[in-house]
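Please read the structure below before turning to the comments.
These values consider heavy atoms only, across backbone and side chains, with no hydrogens, waters or symmetry-generated copies. The sequence lines fix the lettering, A, B, ..., with proteins before strands; numbering per chain opens at 1. Not measured: the values here are computed from a predicted model.
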Amino acid sequence: MDERYRRIYAAIAAIPAGRVAGYGQIAARAGLPGRARLVGAALRDSPDGMQLPWYRVLHSNGTIALPRGSRGFREQTKRLRAEGVDVRNGRVPMQAFGLDADLDRALWGIG
DNA sequence: GCAGTGACGACGA
DNA sequence: TTCGTCGCCACTG
């Protein structure tokens with residue numbers, strides 16, 4: 001496992017329940033700005049045994065990355081709703097559930 | 001080393 | 001709001 005992947009996993013694990021973050025945010029927090037695709041690769045490569053809130057990672061616009069109707073899509077939607085996140089038609093209002101700048105700073109100690 | 005592909009993101013129509 | 005295109009970088013054959 002690469003150091004980059006470790007950082008990505010750590011950034012994802014830092015997302016609090018009931019909140020969501022974009023791939024770009026995760027990549028940036030992992031010290032890999034602009035490498036959003038690498039976050040997706042890391043999730044694909046993540047072991048099943050690893051406890052990772054992968055379902056809290058969405059597209060920058062708040063839409064679920066997985067294809068509509070796929071098992072992962074259903075699983076992500078189900079888990080998010082279980083945490084109180086409002087998933088409307090495969091989409092989450094980032095302005096309500098996304099990580100704000102202040103919250104982001106509080107979580108990852110930026111600034 | 002080259003070409004194809006992808007759990008992405010920003011833009012323009 | 002939705003769709004298509006381009007740029008990005010890492011992985012794979």
Where do A:Trp108 and A:Arg29 come nearest, in terms of heavy atoms and distance?
CE3-CG, 3.1 Å
Go through C:dA10, B:dG6, B:dA7 for me and flag the one nearest to the A:Arg37 side chain.
B:dG6
With a 3.5 Å limit on both atom pairs, tell me what B:dG4 is paired to, counting Watson-Crick and G-U wobble, or say none.
C:dC11
With the side chain of A:Ser60 defined as its heavy atoms from C-beta on, choose the nearest nucleotide among C:dC11, B:dG9, B:dA7.
B:dG9
Nucleotide B:dC8, atom P - distance to CG of A:Asn61 in whole Å:
11 Å
From the candidates B:dA7, C:dA10, C:dT2, the one with an atom nearest any side-chain atom of A:Arg35 is C:dA10
Taking 4.0 Å as the cut-off, does a side-chain nitrogen or oxygen of A:Arg44 come that near to OP1 or OP2 on C:dA10?
no
Pick base, sugar-phosphate or nothing for A:Gly24, based on heavy-atom distances below 4.0 Å to the nucleic acid.
sugar-phosphate
Closer than 4.0 angstrom, basic N to acidic O: yes or no for A:Lys78 and A:Glu75?
no
Between C1' of B:dC8 and CD1 of A:Ile26, the distance in whole Å:
13 Å
Between C1' on C:dT1 and CG on A:Asn89, what's the gap in Å once rounded to a whole number?
12 Å
Rounded distance in Å - CZ (A:Arg68) to C1' (C:dT2)
12 Å
Integer-rounded Å distance: B:dA7 P and A:Tyr9 OH
15 Å
Out of C:dC9, C:dC11, B:dG9, whichever nucleotide has its closest atom nearest the side chain of A:Tyr5:
C:dC11
Nearest to the side chain of A:His59 - B:dC8, B:dA10, C:dA10?
B:dC8
Would you call A:Gln76 and A:Leu58 a side-chain contact if the rule is heavy atoms closer than 4.5 Å?
yes
Can you confirm whether A:Gln51 is buried at CD, in the sense that more than 12 heavy atoms of other residues, nucleotides or ligands lie under 6.0 Å from that atom?
no
Measure from the side-chain heavy atoms of A:Ala36 and tell me the nearest of C:dC11, B:dA7, B:dC8.
B:dC8
Report the distance from atom CG of A:Leu58 to atom C1' of B:dA7, rounded to the nearest whole Å.
10 Å
Validation row: A:Phe97, A:Val87 side chains within 4.5 angstrom (heavy atoms):
no
Quickly work out the A:Asp45 CG to B:dT5 P distance and round it to whole Å.
21 Å
Distance in angstrom units between A:Ile64 CD1 and B:dC8 P, rounded:
13 Å
Closest to the side chain of A:Leu66, out of B:dC8, C:dC9, B:dA7, is B:dA7
